[in-house]
Amino acid sequence: MKEVKKAIVILVPYPAQGHVTPMQNLAWAFVAQGFHPLIVLPHSVHRQLHGEGEEEEEEMKWVGLGDGVGQEESPDFFAMESALEKSMGSELEGLIEKVRGEGDEVACVVVDLLASCAIEAAHRCGIPTAGFWPAMFATYLFIASIPLMLHRRLLSPTGLPQREGKFSLHPELPVISTEDLPWLVGTEAARKARFKFWKRTLERSSSLKWLLVNSFPDESKLELANRKFSSEGCPRVLPIGPICRNGIRRSVSFWEEDLSCLKWLEKQKTKSVVYISFGSWVSPIGEAKVRNLAVALEASGRPFIWVLRSSWREGLPNGFLERVEKEERGRVVSWAPQKQILQHSSVACYITHCGWNSILEALQFEKKLVCYPVAGDQFVNCAFVVEVWKVGIKLNGVEAKDVEEGIVRVIEDEEMDGRLKTLNRRIMAGNNNTGAFIFKTFLKDLKRASSTTAVTQDASQINIPSYFPNNKNVV
Ligand SMILES: O=c1ccn([C@@H]2O[C@H](COP(=O)(O)OP(=O)(O)O[C@H]3O[C@H](CO)[C@@H](O)[C@H](O)[C@H]3O)[C@@H](O)[C@H]2O)c(=O)[nH]1
């Protein structure tokens, strides 16, 4: 028997970059409190990130759990969902038994709501379980209000909008179009399947005690709206974000970053470069739009860095890549060191798909946004950027005229700079960070629920370190 029991926190992210990064940041916040995080991934994704074998980091471990996905396969959302549903429950129970068998204590399991199949397994093992919503709280509210939308007949029983047009569920939520609801992606069959997925997620999450949300306190008043929409037995919502990573440690990356664009960035004038990225997950914008965007960027005459996977480059106009390189006009890369780019003074604005992590990073480094949402929560995120915070504009299309007008509007709008600065101060505010305070409250609650030995101090004395942002010079 070992002398000191370790307090393990098992974290289960959905296996995509935009989910693993915030979960890893959360893991560092746990490390700072004396916990030993164990981040689990399906084996196929673990292999991509860490190669074969277990990655040994001093403070946290990454573990691959069997998922039945072959080396050559690259499953889409539904295939991954089905792989997780089949294997995650039993694999996770096995892991918990193993940890306990080694004499350690599993103090808590934190489950990304997109991997909700892990919730029941954690419950079966009798471990306090928290949900994690890596995105904006408002987008959770749209999911949480599915029952209300069904009741008001805004939706059919299969989740399809029953009327077209704009609506708002609550004065604190922006007006959005029925077409912008997060599950309305792809074909009718895909939309129905996603709606089913969210209904099941909502049912499962009702058994959670807490829901940790990577949103900032500005939004916490929305919790009132949450109470209105949610039925009995919903988790206690704790907006602990934005959890950003300070210091030298890098986030795990699904692909190798092309660092050459940083050297090129050094040579550009202050606030001249347009950065373009559509995130890591949902397929980008289609070949025709890729072509239009390329034409628009060339026509603009502005320097740019564009993250574009090789598989999407077929849509590019003839000779585009060669011209860009020859004229030193910009860089087209498969995967970029995004935070370093956004932090750079040469970058003027960011054309974004409005993934939540990208928005947080842009706010952290005070970069104005030119929004082109593509799928899921991105339309709601965009509505906040454009209509609530007014720190960006929404593109109507990617024709040359739209893009140039959009870029000029954000670059020339100095009031937008002022609002961005104020918002940055508010959400990245040093030691008084409300998100950090709420995290302490959670730890206090956890201590009561799990009798964990890790949180031994009075929680009010816990000094939350820099995993919650307190300045902008971090990568
Ligand atoms: O070349 C690149 C491009 C992106 N990133 C990073 O990848 C992450 C991307 O995250 P996000 O902006 O949230 O986009 P997605 O990867 O598309 O994230 C998915 O998950 C998010 C959180 O739930 C949702 O908000 C999005 O809509 C959904 O597509 C960010 O941290 C970026 O810094 C890089 O490091 N290099």
Side-chain angles (χ1 to χ4, degrees), residues 13-26 45 49 76-77 80 112-116 131-140 142-143 180-186 194 198 201 211-215 241-245 250-262 265 275-285 304-310 312 331-344 347 350-365 367 369 371-385 469 474-475:
Y14 182 84
Q17 182 77 62
H19 290 247
V20 172
T21 301
M23 193 63 108
Q24 190 184 6
N25 292 341
L26 179 62
V45 176
L49 297 185
D76 65 5
F77 176 77
M80 181 51 85
D112 186 326
L113 288 197
L114 266 79
S116 67
F132 183 54
W133 185 251
M136 191 186 203
F137 182 47
T139 54
Y140 169 73
F142 278 98
I143 303 295
D180 295 344
L181 286 165
W183 52 88
L184 299 178
V185 183
R194 278 178 196 266
W198 283 119
T201 300
L211 180 64
L212 308 176
V213 182
N214 191 21
S215 271
I243 322 167
C244 301
R245 178 178 36 86
R250 305 180 68 79
S251 296
V252 77
S253 185
F254 276 52
W255 300 275
E256 197 180 337
E257 293 167 342
D258 185 336
L259 299 175
S260 67
C261 54
L262 293 175
L265 201 51
Y275 173 62
I276 308 112
S277 159
F278 290 90
S280 69
W281 192 10
V282 183
S283 59
I285 48 179
F304 62 85
I305 296 178
W306 185 4
V307 181
L308 188 66
R309 300 292 172 76
S310 359
W312 285 94
R331 286 287 180 272
V332 179
V333 297
S334 296
W335 189 247
Q338 177 161 310
K339 289 187 81 174
Q340 279 161 281
I341 290 174
L342 288 176
Q343 194 173 358
H344 204 283
V347 174
Y350 173 18
I351 300 183
T352 176
H353 70 314
C354 294
W356 183 237
N357 296 288
S358 292
I359 290 181
L360 285 180
E361 290 158 14
L363 298 182
Q364 186 178 5
F365 301 119
K367 293 296 185 276
L369 295 156
C371 302
Y372 196 69
V374 179
D377 61 341
Q378 296 154 14
F379 295 94
V380 177
N381 298 342
C382 170
F384 269 85
V385 168
V474 294
V475 175

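For the single chain, residues carry numbers from 1 onward in sequence order. Read the numbers this way: they start at 1 and go in the same order the structure lists the ligands and their atoms. Because the structure is a prediction, the values reported are computed rather than measured.
Some N or O of S280 is nearer than 3.5 Å to an N or O of ligand 1, by distance alone. For ligand 1, none of its N or O atoms has an N or O atom of E257 under 3.5 Å away. Considering backbone and side-chain N/O atoms, H353 comes within less than 3.5 Å of an N/O atom of ligand 1. Considering both main-chain and side-chain atoms, A336 comes within under 3.5 Å of ligand 1 through a nitrogen or oxygen pair. At under 3.5 Å, not a single nitrogen or oxygen of Q17, backbone or side chain, sits near a nitrogen or oxygen of ligand 1. Among the atoms of S334, none of the N or O lies under 3.5 angstrom from an N or O of ligand 1.
Taking every non-hydrogen atom of Q378 and a distance limit under 4.0 Å, the qualifying atoms of ligand 1 come out as 26 (C), 27 (O), 29 (O). The distance from ligand 1 to the heavy atoms of E361 drops below 4.0 Å at these ligand atoms: 30 (C), 31 (O), 32 (C), 33 (O). Heavy-atom contacts of D377 reach the following atoms of ligand 1: 24 (C), 25 (O), 26 (C), 27 (O) (cutoff under 4.0 Å). Annotation for ligand 1: atoms under 4.0 Å from non-hydrogen atoms of H19 are 20 (O), 22 (C), 23 (O). In the vicinity of G18, heavy-atom distances shorter than 4.0 Å reach the ligand 1 atoms 10 (O), 16 (O), 18 (O), 22 (C). Short contacts between ligand 1 and A135, defined as distances under 4.0 Å to a heavy atom of the residue, involve ligand atoms 23 (O).
By the 30° and 60° cut-offs, the orientation of the rings of Y140 relative to F137 is parallel. Using cut-offs of 30° and 60° for the angle between ring planes, the Y14 and F77 rings count as tilted.
Nearest residue to atom 9 (C) of ligand 1 from P337, S358, C261, G355 is S358 (criterion: closest heavy atom). Of all the listed residues (N357, V20, L114, V380), N357 holds the heavy atom that lies closest to atom 10 (O) of ligand 1.
The backbone N or O of S253 lies less than 3.5 Å from no partner atom in the side chain of W335, so there is not a single donor-acceptor pair. For E361 (side chain) and Q343 (main-chain N/O), no donor-acceptor pair under 3.5 Å exists by modelled atom type. Proximity of a side-chain donor or acceptor of W356 to a complementary backbone N or O of I359 within less than 3.5 Å is not detected. No donor-acceptor pair under 3.5 Å is formed between the side chain of D258 and the backbone N or O of S334. In this structure, the side chain of Q378 engages the main chain of A375 through a donor-acceptor pair within 3.5 Å.
When every heavy atom of T21 is checked against every heavy atom of V252, the shortest pair comes out as OG1-O, 4.4 Å. In terms of heavy-atom proximity, I143 sits nearest to W198 at CD1-CD2, 3.6 Å.
At a heavy-atom cutoff of 4.0 Å, ligand 1 is contacted by the side chain of S277 but not by its backbone. Only the side chain of V307 comes within contact range of ligand 1, with a heavy atom under 4.0 Å; no backbone atom does.
Paired with S358 under the rule side chain to side chain donor-acceptor pair (under 3.5 Å), one option of K367, Q338, H353 passes, and it is Q338.
Using 4.0 Å as the threshold, M136 has no heavy atom nearer than that to any atom of ligand 1.
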Assess the residue pair I285 and V374 against the criterion (side-chain contact (heavy atoms from CB on, under 4.5 Å)); give the C-alpha distance rounded to whole Å, side-chain angles, the decisive distance to 0.1 Å, and a yes or no. CA-CA 7 Å; I285 48 179; V374 179; 3.9 Å; yes
